Enquirer: 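I'd like to ask you about the structure that follows.
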2 protein chains.
Amino acid sequence: MTTGSSPSGTDSPTAPSESRRARRHDATRAEILDAAWQIVRRDGLTGLSLRDLAAQVGMRAPSLYSYFGSKHEIYDAMFRQGYQQMLLGSPELPEDTTEETLVAFAHEAALRFFDFCVAEPARHQLLFLRTIPGFEPSPESYRVAVEAYDRTVGGLRRFPQVSDADLDLWTAALTGMVSQQLANDPGGTRWRDQVPRVVEMLLAETLGTSQP
Amino acid sequence: MTTGSSPSGTDSPTAPSESRRARRHDATRAEILDAAWQIVRRDGLTGLSLRDLAAQVGMRAPSLYSYFGSKHEIYDAMFRQGYQQMLLGSPELPEDTTEETLVAFAHEAALRFFDFCVAEPARHQLLFLRTIPGFEPSPESYRVAVEAYDRTVGGLRRFPQVSDADLDLWTAALTGMVSQQLANDPGGTRWRDQVPRVVEMLLAETLGTSQP
DNA sequence: GTCTATAGAATGATAGAC
DNA sequence: GTCTATCATTCTATAGAC
């Protein structure tokens with residue numbers, strides 16, 4: 001349900017990039033990942049066990065190894081999926097780069113990022129806090145993470161005044177707001193309400209307080 | 001070594017608030033906690049096991065139950081110890097509340113807090129991120145946490161302009177800097193170098209950009 | 001207080017039949 | 001591909017001898 005891909009009704013027989021078997025395999029993989037998200041949503045990120053996961057999709061635990069080589073591979077697929085969702089949720093970069101449109105974009109991107117993080121605490125933990133003992137994302141998954149980051153801060157890069165150090169300030173301030181919201185007022189808006197203010201503050205700081 | 005209390009050479013026989021047995025008991029407790037810090041420093045917060053911990057102090061695991069009722073009680077004692085260390089590390093509140101001294105205090109307090117967090121990632125995880133599945137601090141420990149927080153932001157409360165919402169901004173920005181430093185440049189100073197800048201930015205935001 | 005022994009329950013992962 | 005059976009660990013916690 002959550003991330004299930006809706007397959008098109010007809011498949012093109014002239015372009016079978018995947019065999020029926022392979023397609024079925026991928027579908028089951030997707031189903032397993034959806035079930036995994038459900039479980040971490042309920043039991044927390046570290047509460048995921050292969051037995052529970054298999055039961056959720058009507059399997060026994062060893063059968064999962066036909067689809068993933070290890071538990072960490074499942075986490076890795078979730079990691080990649082999470083950043084792909086972040087990519088989908090980020091707003092389009094504006095064509096014109098007037099200060100006005102860029103400022104509006106910054107507000108939009110910041111609030112969307114905030115909501116994206118807060119919507120799924122387990123995903124936030126997986127993507128941004130390194131909380132699973134042995135886990136490190138694979139190079140492919142890391143590539144997606146970098147792509148999502150670049151896209152999210154892409155609007156700010158359009159400002160010629162904004163340096164890399166400035167971007168560090170942006171990410172720190174916004175992720176800090178997210179963490180406080182999740183830790184100290186989960187489900188509320190105590191920090192979310194201040195996001196526009198933070199964006200204004202950061203714009204003033206990184207663009208210079210007044211344009212000449 | 002790390003947090004070991006250095007007992008005074010002579011004990012006062014007229015004020016035996018603790019019997020020798022009780023003192024020895026407390027000393028062993030402290031020794032266990034020191035060993036626990038060593039282990040989480042090396043293996044991460046969740047890497048702490050009672051077997052390892054007991055071995056570190058030359059015991060077997062069940063013997064620990066003479067000193068702590070459960071593993072969570074050990075975490076709780078570490079939690080309390082961590083916030084006590086934070087209290088000790090926070091600078092003294094200035095007597096006079098001129099703007100100048102308060103600004104200096106804000107800089108001092110922010111940088112000390114940052115260094116305190118970054119110095120021990122496992123401690124940071126225990127105190128600020130809720131990462132251990134079932135753990136919640138006891139009321140007594142939580143009291144220490146609140147006390148440390150109040151003391152850390154106490155200097156800012158001296159400014160009459162600073163509201164509770166402003167304090168939320170301060171904590172979010174500073175903890176965000178810490179998290180980014182730990183996650184993306186551990187051992188470095190990429191975010192630390194910008195702490196003074198963040199303090200200035202927050203002062204300008206929460207005090208008003210210019211005083212009349 | 002400390003030990004041995006062990007309960008009791010999880011876990012991730014593998015072997016091999018079907 | 002899926003299953004049963006099981007390995008091999010790890011863990012917290014308890015019982016009871018000394």
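A quick note: this is a predicted structure, and the numbers were derived from the prediction, not measured. Throughout, a chain's letter reflects where its sequence line sits, starting with A, and its residues are numbered from 1.
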Enquirer: Within the structure shown, what part of the strands sits under 4.0 Å from Leu53(B) by heavy-atom distance: base, sugar-phosphate, or nothing?
Expert: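 No contact.
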
Enquirer: Between atom CZ in Phe135(B) and atom C1' in dT12(D), what is the gap in whole Å?
Expert: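 Rounding to the nearest Å, CZ of Phe135(B) and C1' of dT12(D) are 17 Å apart.
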
Enquirer: Do the side chains of Asp164(B) and Arg190(A) get close enough for a salt bridge, i.e. N-O under 4.0 angstrom?
Expert: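 Result for this pair is no, no salt bridge flagged.
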
Enquirer: Pick base, sugar-phosphate or nothing for Ser49(A), based on heavy-atom distances below 4.0 Å to the nucleic acid.
Expert: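 Answer is sugar-phosphate: Ser49(A) comes under 4.0 Å of backbone atoms only.
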
Enquirer: NA contact type, Leu48(A), heavy-atom cut-off 4.0 Å: base, sugar-phosphate, or nothing?
Expert: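 Contact class for Leu48(A): sugar-phosphate only.
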
Enquirer: For DNA chain C, whose closest nucleotide is more 5', that of Asp52(A) or that of Gly69(A)?
Expert: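 Result of the comparison: Asp52(A).
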
Enquirer: Using whole Å, what does the distance between atom C1' of nucleotide dT9(D) and atom NZ of Lys71(A) come to?
Expert: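 So the NZ-C1' distance, Lys71(A) to dT9(D), works out to 14 Å.
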
Enquirer: Expressed as a whole number of angstroms, how long is the span from Arg60(B):CZ to dC11(D):P?
Expert: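 Atom CZ in Arg60(B) sits about 15 Å away from atom P in dC11(D).
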
Enquirer: Mind checking Phe68(B) for me? I need base, sugar-phosphate or nothing, with any heavy atom below 4.0 Å counting as a touch.
Expert: nothing

Enquirer: Taking only Lys NZ, Arg NE, NH1 and NH2, and the carboxylate oxygens of Asp or Glu, determine whether Glu108(A) and Arg112(A) approach each other closer than 4.0 Å.
Expert: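 Here Glu108(A) pairs with Arg112(A) in a salt bridge, since their nearest N and O are under 4.0 Å apart.
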
Enquirer: Is the shortest distance from a Lys or Arg side-chain nitrogen in Arg192(A) or Asp185(A) to a carboxylate oxygen in the other one below 4.0 Å?
Expert: no

Enquirer: At a heavy-atom distance below 4.0 Å, which nucleotide of DNA chain C is the first touched by chain A, and which is the last?
Expert: dT11(C) to dT14(C)

Enquirer: List in chain and number order the residues that pass side-chain contact (heavy atoms from CB on, under 4.5 Å) with Glu136(B), two or more places apart in sequence or in another chain; answer none if no residue qualifies.
Expert: none

Enquirer: Tell me whether Arg123(B) forms a cation-pi arrangement with Phe116(B), defined as NZ or CZ under 6.0 Å from the six-membered ring centre and within 45 degrees of its axis.
Expert: yes

Enquirer: Can you tell me how far P of dC7(D) sits from OH of Tyr65(A), to the nearest Å?
Expert: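 The distance from OH of Tyr65(A) to P of dC7(D) comes to 17 Å, rounded to the nearest Å.
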
Enquirer: Decide, yes or no, whether a salt bridge links Arg80(A) with Glu140(A) under the criterion of side-chain N to carboxylate O below 4.0 Å.
Expert: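 Looking at Glu140(A) together with Arg80(A), the answer is no, because their closest N to O distance does not fall below 4.0 Å.
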
Enquirer: Look at all strands and tell whether Arg21(B) reaches a base, only sugar-phosphate, or nothing, counting heavy atoms closer than 4.0 Å.
Expert: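 Touches sugar-phosphate only.
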
Enquirer: Which residues satisfy the salt bridge (charged side-chain N to carboxylate O under 4.0 Å, His left out) test with Arg29(B), sequence neighbours excluded?
Expert: none

Enquirer: Determine the contact category for Ser70(A): base if any of its heavy atoms lies under 4.0 Å from a base atom, sugar-phosphate if only primed atoms, P, OP1 or OP2 are that close, otherwise nothing.
Expert: sugar-phosphate

Enquirer: On DNA chain D, check which nucleotide each of Arg51(A) and Met59(A) is closest to and give me the residue with the more 5' one.
Expert: Met59(A)

